[in-house]
2 protein chains.
Amino acid sequence: MTEEPTTRDRLVLAATRLFRQRGYDGTGLTEILTEAGVPKGSLYHHFPDGKADLACAAADWTASEIIRVIDDSFRAAPDWRQGITTFCYKMAKLFDILNSADACPIFGLLFEGPDHDRFRAQAERSLDRIIAAAARYGEGLGMPPETAQDAAETFIIGFQGSWTLARTRRKSDVLRGLPARLYGPTM
Amino acid sequence: MTEEPTTRDRLVLAATRLFRQRGYDGTGLTEILTEAGVPKGSLYHHFPDGKADLACAAADWTASEIIRVIDDSFRAAPDWRQGITTFCYKMAKLFDILNSADACPIFGLLFEGPDHDRFRAQAERSLDRIIAAAARYGEGLGMPPETAQDAAETFIIGFQGSWTLARTRRKSDVLRGLPARLYGPTM
DNA sequence: AAAAGACTAGACCGATTGGTCTAATCATGC
DNA sequence: GCATGATTAGACCAATCGGTCTAGTCTTTT
């Protein structure tokens with residue numbers, strides 16, 4: 001049988017979804033609590049620093065999700081470009097599911113709030129985890145470490161920019177077109 | 001003698017700066033008013049819709065500023081890559097001036113607030129103005145219109161992604177490295 | 001079964017939010 | 001010098017903000 005999700009998990013999930021849609025400052029604690037079906041006392045028990053803790057947990061959770069998609073995309077990929085392409089198509093599908101409107105699941109939440117530098121550091125950590133995951137697949141496909149790191153960074157830059165443009169235009173095809181922009185058209 | 005800036009201009013300028021630093025929801029009206037040295041009544045006279053109007057004006061103003069930098073970068077550029085490179089260096093300098101911390105002056109403010117779709121439309125308009133400005137220079141340098149549009153979009157995607165990564169890592173060199181990522185290393 | 005700590009529950013708090021409204025002041029045309 | 005519309009000035013408002021705190025309920029250990 002399916003496990004009942006813990007109070008903590010319900011909080012993180014609700015917070016992730018709401019932060020993605022309305023941003024950190026745009027989301028009220030009450031809203032998160034209502035959505036999660038959790039009283040205020042529980043929040044401050046699991047996350048003593050309240051909203052800020054919750055945001056960091058949401059960022060961590062999101063990074064892990066993205067890495068999971070990277071894993072799924074590269075596991076059977078014969079080369080780097082194919083892995084990236086699969087990733088972009090998967091994310092385009094997710095984009096469509098999310099109403100074409102949500103913030104990039106990884107950055108959106110991390111440049112707001114009073115605790116600016118704590119959030120920046122958290123974003124850097126999450127981002128580096130993602131880049132490292134991609135770079136590892138680059139190395140596995142024969143790239144020297146430095147090249148792999150560089151390729152992974154270029155990919156993340158392109159993905160971040162594409163997601164933003166896709167969101168602005170409400171067109172997931174922007175995401176699907178990224179590999180052609182980065183590596184030229186397929187012959 | 002230098003003209004005293006109008007009340008309206010002081011409002012837009014203060015709002016732009018604050019939205020860039022703290023985001024739309026993270027910035028209070030009082031804060032903007034204090035910084036601009038303007039009472040509340042004046043705000044609602046010049047911007048009947050209040051904060052939302054102000055955000056749109058700030059986005060417009062920012063787009064114009066970016067287009068001015070594009071103009072400065074391409075005016076004397078012998079080719080596309082040189083224009084982009086100059087732009088990236090100029091923006092890297094701006095990035096350093098801005099404490100390496102501000103949101104991308106164009107997108108940061110536009111995916112928050114209650115009036116989601118109005119903001120999205122405003123972002124699209126501002127972004128299209130910027131892309132069109134860049135594409136025009138591409139055509140002037142001999143590209144067919146379609147190619148120029150595509151090159152301009154790729155450039156904006158890369159720039160947006162690079163700005164975000166630069167912000168996360170607090171390193172303006174990410175911006176300076178963009179041309180090499182997009183067009184290969186210079187020989 | 002009693003004690004202890006983990007966890008839930010929500011009333012309550014001062015501060016701040018964006019926005020409204022009235023009164024005063026300014027500039028300008030007659 | 002008077003009238004008129006544009007603009008400034010800021011007191012005031014209900015609603016919401018994130019956070020604290022006390023009381024109560026579980027679960028686990030002994």
Side-chain angles (χ1 to χ4, degrees), chain A residues 3-59 108-119 122, chain B residues 3-59 108-119 122:
Chain A
E3 284 287 325
E4 183 80 6
T6 66
T7 301
R8 206 194 121 96
D9 285 347
R10 269 185 296 141
L11 277 171
V12 174
L13 226 64
T16 303
R17 207 181 64 76
L18 285 165
F19 285 155
R20 218 162 46 197
Q21 286 182 348
R22 313 197 220 298
Y24 180 82
D25 290 310
T27 305
L29 273 192
T30 321
E31 215 173 348
I32 299 175
L33 262 13
T34 304
E35 164 124 357
V38 161
K40 222 166 222 182
S42 303
L43 166 63
Y44 284 90
H45 173 75
H46 292 287
F47 301 94
D49 258 354
K51 208 184 178 186
D53 270 351
L54 209 41
C56 289
L109 23 141
L110 284 174
F111 286 105
E112 304 177 72
D115 218 342
H116 189 102
D117 203 64
R118 176 177 174 200
F119 281 8
Q122 171 69 53
Chain B
E3 284 288 323
E4 183 79 7
T6 65
T7 301
R8 191 179 189 280
D9 285 347
R10 268 184 296 141
L11 276 171
V12 174
L13 227 65
T16 302
R17 205 181 66 76
L18 285 165
F19 284 156
R20 217 162 46 198
Q21 287 182 347
R22 313 198 219 296
Y24 180 81
D25 290 309
T27 306
L29 273 192
T30 322
E31 215 174 348
I32 299 175
L33 263 12
T34 304
E35 164 123 356
V38 161
K40 221 167 222 183
S42 303
L43 166 64
Y44 282 90
H45 173 76
H46 293 288
F47 301 94
D49 258 355
K51 208 185 180 188
D53 269 352
L54 209 42
C56 289
L109 22 141
L110 285 173
F111 286 104
E112 304 176 73
D115 217 343
H116 188 101
D117 202 64
R118 175 176 175 199
F119 281 9
Q122 172 69 51

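Every chain is numbered from 1 and lettered A, B, ... according to where its sequence line falls, protein lines coming before strand lines.
The nearest whole Å value for the distance from the CG atom in A/D9 to the C1' atom in C/dC7 is 15 Å. Residue B/I32 contributes atom CD1, which lies 13 Å from atom C1' of C/dG19 at whole-angstrom precision. Here C/dA23 presents its C1' atom at 16 Å from NE2 of B/H45, a figure rounded to the nearest Å. Here the P atom of nucleotide D/dT8 and the CZ atom of B/R8 are 12 Å apart, to the nearest Å. Distance CZ (B/R22) to C1' (C/dT16): 14 Å, rounded to an integer number of Å. The distance between atom CG of B/D53 and atom P of C/dT20, rounded to the nearest whole Å, is 12 Å. At whole-Å resolution of the value, CZ in B/F47 and P in D/dT8 are 11 Å apart. Nucleotide C/dG19 holds its P atom 14 Å from the CG atom of B/L11, rounded to whole Å.
Among all heavy-atom pairs drawn from B/A58 and B/T16, the shortest one is CB-OG1, 3.3 Å.
For A/T7, a side-chain nitrogen or oxygen approaches OP1 or OP2 of C/dT8 to under 4.0 Å. Using a 4.0 Å cut-off, some side-chain N or O of A/H46 falls inside it from OP1 or OP2 of C/dT8.
Counting only heavy atoms from C-beta outward, the side chains of B/T27 and B/E35 never approach each other to under 4.5 Å.
Scored by the ring pair (Phe, Tyr, Trp, His ring centres under 6.0 Å) test, A/F47 finds no partners at all (sequence neighbours excluded).
In terms of modelled atom types and a separation under 3.5 Å, the side chain of A/E112 and the main chain of A/Y24 share a donor-acceptor contact.
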Stepwise side-chain contact (heavy atoms from CB on, under 4.5 Å) check, B/T6 with B/L11: CA-CA 9 Å; B/T6 65; B/L11 276 171; over 6 Å; no
Worked check of side-chain contact (heavy atoms from CB on, under 4.5 Å) between B/L13 and B/R17: CA-CA 6 Å; B/L13 227 65; B/R17 205 181 66 76; over 6 Å; no
Anything under 3.5 Å between a protein N or O and an N or O of nucleotides 15-19 of chain D, put it in a table, one pair a line.
{"from": "D/dG18", "atom 1": "OP1", "to": "A/T27", "atom 2": "O", "distance (Å)": "3.0"}
{"from": "D/dG18", "atom 1": "OP1", "to": "A/K51", "atom 2": "NZ", "distance (Å)": "2.5"}
{"from": "D/dG18", "atom 1": "OP2", "to": "A/L29", "atom 2": "N", "distance (Å)": "2.6"}
{"from": "D/dG19", "atom 1": "OP2", "to": "A/Y44", "atom 2": "OH", "distance (Å)": "2.8"}
{"from": "D/dG19", "atom 1": "OP2", "to": "A/K51", "atom 2": "N", "distance (Å)": "3.3"}
{"from": "D/dG19", "atom 1": "O5'", "to": "A/Y44", "atom 2": "OH", "distance (Å)": "3.2"}
{"from": "D/dG19", "atom 1": "N7", "to": "A/K40", "atom 2": "NZ", "distance (Å)": "3.1"}
{"from": "D/dG19", "atom 1": "O6", "to": "A/K40", "atom 2": "NZ", "distance (Å)": "2.2"}

